[in-house]
Amino acid sequence: MSVDSELCITQRGADPGEYVTSSHWFGALILDVCEFRLVDNSTNEAAKWLIGMVPLDDNVCHGAIWGKITKGQSNSLQRKSEWLVEIPDVEKLSVDT
């Protein structure tokens with residue numbers, strides 16, 4: 001899963017909402033790294049998700065989460081997230097759903 005670091009973006013003086021959107025990426029959710037760690041319930045250290053920065057030539061604030069994310073885990077992450085840039089007519093899962 002690709003992510004962008006809000007701290008990296010703001011340290012460069014950019015607006016996170018503007019930084020992460022383009023004609024290809026027109027919406028974004030925001031979620032703390034600690035939420036990923038809470039949802040990753042693997043007891044096997046080798047199976048735990050890896051989270052880190054992977055700067056790209058065109059995006060120095062790019063990061064990633066590596067590992068198997070189940071549908072249930074994906075739903076849990078979506079419920080814990082908030083819109084950074086909302087996509088019109090798209091509903092994300094909420095705590096109530």
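Atom set for the values below is all heavy atoms of this structure, side chains included, hydrogens, waters and symmetry mates excluded.
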So, for [X] and [Y], which heavy atoms are closest and what is the spacing to 0.1 Å?
X   : Y   : answer
V3  : A64 : CG2-N, 3.7 Å
K48 : S42 : NZ-O, 2.8 Å
H62 : S2  : NE2-OG, 3.1 Å
S94 : R79 : O-CG, 3.2 Å
C8  : V60 : SG-O, 4.0 Å
Y19 : A14 : CD1-CB, 4.1 Å

Measure the spacing between [atom1] of [X] and [atom2] of [Y] and express it to the nearest 0.5 Å.
X   : Y   : atom1 : atom2 : answer
Q78 : K71 : CD    : NZ    : 8.0 Å
M1  : S74 : CE    : OG    : 6.0 Å
D15 : L84 : CG    : CG    : 7.5 Å
E82 : L29 : CD    : CG    : 9.0 Å
L77 : D40 : CG    : CG    : 9.5 Å
I51 : F36 : CD1   : CZ    : 6.5 Å

inquiry  = Are there over 12 heavy-atom neighbours, none belonging to N44, within less than 6.0 Å of that residue's CG?
reply    = yes
message = Tell me whether the count of non-hydrogen atoms from other residues, nucleotides or ligands lying under 6.0 Å of CD in E6 goes above 12.
response = no
key: Any donor-acceptor N/O pair, W49 side chain to K68 backbone, under 3.5 Å   = yes
Exam field: side chain E35 to backbone D32, donor-acceptor pair closer than 3.5 Å = no
inquiry  = Counting C-beta onward and ignoring hydrogens, is there a side-chain heavy-atom pair between V20 and W25 closer than 4.5 Å?
reply    = no
Quick check on the hydrophobic clustering: are [X] and [Y] connected, directly or via other members, by side-chain heavy-atom contacts under 4.5 Å?
X   : Y   : answer
V33 : I69 : yes
V54 : L50 : yes
M53 : L7  : no

